[in-house]
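The block underneath contains the structure these notes are about, expressed in structure tokens.
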Amino acid sequence: MPIRQLSETMINQIAAGEVIERPASVVKELVENALDAGAGKVEIVTAGGGLSLIRVTDDGSGISEPELALAVARHCTSKLSDDIHDIRSLGFRGEALPSIGSVARLSIRSRTASGDSAAEIGIEGGRVLPVKPAAANRGTTVEVRDLFFATPARLKFMKGERAESSATGDVVKRIAIAFPAVRFTLAGADRSTLELPATGDTPDGRLARVAQVMGKDFPDNAIPIDAMRDGVHLAGHVSIPSYTRANALQQYAYVNGRPVRDKLIAGAIRGAFADVLPRDRHAVTVLFLSLDPATVDVNVHPAKADVRFRDPGLVRGLIFGAIREALAGAGIRAATSGAAGMMAAFRPGTAPYAHPGPTAGHRSYEAAYHASGFSGFDHGSNLARSPQRPLDMGDARQPRNGFAENEQAAFDTGPVASADARAGITEPAEALLGMALGAARAQVHENYIVAQTRDSLIIVDQHAAHERLVY
Ligand code: ADP
Ligand code: MG
């Protein structure tokens with residue numbers, strides 16, 4: 001076969017193969033465009049997991065009528081001047097809209113602030129339809145129907161409505177964390193509505209947005225990070241070591257406001273937590289890196305989720321160091337001083353036996369702590385959140401879970417799981433699992449403690465536990 005130039009549509013479909021992997025990638029590109037246009041509100045509607053319909057409406061700057069045809073043409077962008085090293089927008093490649101238009105039915109209806117009416121353009125499987133007048137408020141509505149109708153092979157790889165819907169939800173949440181001043185809604189018959197009212201681009205507003213997306217218990221169980229090194233700024237939050245997940249999906253990272261999935265960042269986080277987390281647990285993190293755009297390359301892959309830092313060592317060191325320092329400040333302080341009290345509670349026979357009586361659920365944690373008679377805790381630290389806090393925060397007369405417990409209580413395991421409830425603490429079940437060591441039943445060879453929880457037997461290597469706490 002002779003060499004020949006590919007058609008525009010084929011070029012766009014090849015590009016779409018990289019950029020538009022699934023409905024969630026369409027949503028990502030369209031939402032990025034809305035944000036680049038300065039939108040204050042972004043409304044997303046999907047149907048059929050996004051395969052039959054994706055509609056993104058924004059109140060941003062809009063596209064003027066004469067520019068509509070350019071917007072859907074390949075390599076046309078309003079975001080890149082002459083310097084590929086100075087990228088300050090989410091988009092810059094000028095290929096999302098033509099790519100989507102080559103594999104689906106796309107329509108764009110838009111109106112600028114100065115335009116007295118709106119206009120609309122369509123593109124179906126690469127065929128551009130004529131621009132026509134339309135009615136719309138200021139801003140842009142992009143509608144994508146029948147995604148991958150023009151590339152049936154890709155369509156076959158879709159995972160089903162639910163999986164696609166949830167991938168889209170994840171994309172919206174991920175990007176929303178970086179834009180707390182923007183209101184996002186995601187709705188459709190194929191999903192439960194996600195509403196994220198604007199919280200404002202202030203430290204409080206940013207944390208409020210994080211709470212909207214990740215749930216309120218994350219901020220309650222997180223330590224702030226704020227560090228600067230050689231012009232690179234790192235801010236955000238990381239979970240305390242007792243608040244973990246079975247995978248790293250809840251590690252959000254942003255480089256100059258762009259959501260990224262970066263191995264270097266993930267590795268630095270893992271390294272920083274290595275000493276305080278079991279290998280199969282993952283911290284929850286939201287980290288924002290800000291640096292001179294010229295020192296980071298975002299043009300690594302068309303999907304723009306990969307980045308390359310000019311000085312990877314600097315970024316890795318900054319993340320690693322800042323998290324370690326924050327963990328030390330928040331957790332280890334409680335741990336070192338708390339260890340003595342805890343070990344006292346471990347030693348058999350140091351506390352008098354008492355019948356398990358009615359619990360004191362209304363008591364505050366602090367009150368429980370004082371009543372316990374422990375000493376040496378650092379009150380400045382957040383004891384209640386410390387993964388290394390004493391096992392039993394009941395008072396000394398009712399050491400139900402302390403290792404000082406008399407074996408006569410051997411079959412009373414009920415209150416164990418509610419130790420925290422008695423102390424007025426509510427924590428995620430996962431966190432409890434990580435620390436409820438249960439009621440001590442015996443000590444073997446002066447080193448192994450055999451404990452019982454509601455449904456399991458736990459053997460604690462006392463020396464290892466001690467070392468870990470002190471560390
Ligand atoms: P890129 O975002 O890389 O520039 P796109 O293909 O995504 O490429 O978009 C092409 C151009 O269309 C953008 O540069 C922008 O000028 C315009 N555009 C796209 N979406 C919007 C929108 N929601 N509001 C305003 N302008 C838009
Ligand atoms: Mg774009």
Side-chain angles (χ1 to χ4, degrees), residues 170 173-180 196 199-228 233-255 257 259-262 265-278 280-290 318-335 338 365-366 378-389 420 423-435:
D170 290 344
K173 288 176 188 168
R174 187 168 284 273
I175 204 162
I177 287 177
F179 292 84
L196 304 172
T199 55
D201 202 0
T202 60
D204 283 351
R206 284 191 282 273
L207 191 58
R209 171 54 59 84
V210 166
Q212 284 176 343
V213 170
M214 305 173 71
K216 270 221 295 296
D217 39 315
F218 175 66
D220 287 348
N221 289 282
I223 321 165
I225 303 281
D226 194 345
M228 180 94 184
H233 182 228
L234 176 72
H237 285 81
V238 301
S239 58
I240 54 170
S242 59
Y243 186 89
T244 62
R245 293 285 178 268
N247 55 50
L249 288 179
Q250 289 226 42
Q251 295 186 349
Y252 296 94
Y254 303 84
V255 175
V260 297
R261 291 192 176 281
D262 186 73
I265 297 175
I269 295 171
R270 205 177 321 113
F273 276 94
D275 289 334
V276 293
L277 285 192
D280 58 344
R281 301 301 297 178
H282 301 263
V284 180
T285 60
V286 180
L287 294 175
F288 300 95
L289 273 168
S290 317
L318 174 65
I319 296 173
F320 181 85
I323 295 179
R324 286 282 283 239
E325 199 170 302
L327 286 172
I332 308 302
R333 209 164 28 154
Y365 185 86
E366 279 284 305
D378 177 350
H379 285 267
S381 65
N382 197 335
L383 185 63
R385 293 173 186 180
S386 166
Q388 288 89 12
R389 67 173 189 260
D420 284 328
I425 304 163
T426 48
E427 280 214 356
E430 277 191 278
L432 279 176
L433 276 178
M435 66 187 61

- Task: With rounding to the nearest 0.5 Å, note down the distance linking CZ in Phe218 to OG1 in Thr285.
- Result: 7.0 Å
- Message: Given 3.5 Å as the limit, does a donor-acceptor pair link the side chain of Arg209 with the main chain of Phe179, or not?
- Response: yes
- Over all heavy atoms of both residues, which pair between Ala246 and His282 is shortest? Give the atoms and the distance, please. O-CD2, 3.4 Å
- Query: Do Leu318 and His233 have side-chain heavy atoms sitting under 4.5 Å apart?
  - Reply: no
- Only counting residues at least two apart or in another chain, list the ones meeting ring-ring contact (aromatic ring centres under 6.0 Å, His included) with Tyr254. Phe288
- Query: Any side-chain heavy atom of Pro180 sitting closer than 4.5 Å to one from Thr199?
  - Reply: yes
- So do Leu327 and Phe273 actually touch side chain to side chain, heavy atoms under 4.5 Å? yes
- Task: Determine the minimum heavy-atom distance between Pro241 and Leu277, stating which atoms define it.
- Result: O-CD2, 3.1 Å
- Query: What pair of heavy atoms forms the shortest contact from Pro224 to Ala326, and how long is it?
  - Reply: O-CB, 4.0 Å
- Task: Would you mind telling me which of Leu289, Ile225, Val238 makes a side chain to side chain contact (heavy atoms under 4.5 Å, CB included) with Ile319?
- Result: Leu289
- Gap between atom CD1 of Ile323 and atom CZ of Arg270 - 0.5 Å precision: 11.5 Å
- Message: I want to check something: taking the side chain as every heavy atom from C-beta on, are Tyr252 and Val210 in contact at a cut-off of under 4.5 Å?
- Response: no
- Query: Looking at residues at least two apart in the chain, or sitting in another chain, which of them share a salt bridge (Lys or Arg N to Asp or Glu O under 4.0 Å) with Arg206?
  - Reply: Asp201
- Message: Can you tell me how far apart OG (Ser239) and CD (Gln250) are? Round to the nearest 0.5 Å.
- Response: 9.5 Å
- Item | Distance (rounded to the nearest 0.5 Å) between Ser290 OG and Leu234 CG | 8.5 Å
- Item | Heavy-atom side-chain contact between Gln251 and Ile265 under 4.5 Å | no
- Message: Applying the side chain to side chain contact (heavy atoms under 4.5 Å, CB included) criterion to Val286, which one of Leu207, Ile177, Val213 satisfies it?
- Response: Ile177
- Message: Using the salt bridge (Lys or Arg N to Asp or Glu O under 4.0 Å) criterion, which residues pair with Asp170? Sequence neighbours excluded.
- Response: none
- Query: What are the two closest non-hydrogen atoms of Ala222 and His237, and how far apart are they?
  - Reply: CB-CB, 4.0 Å
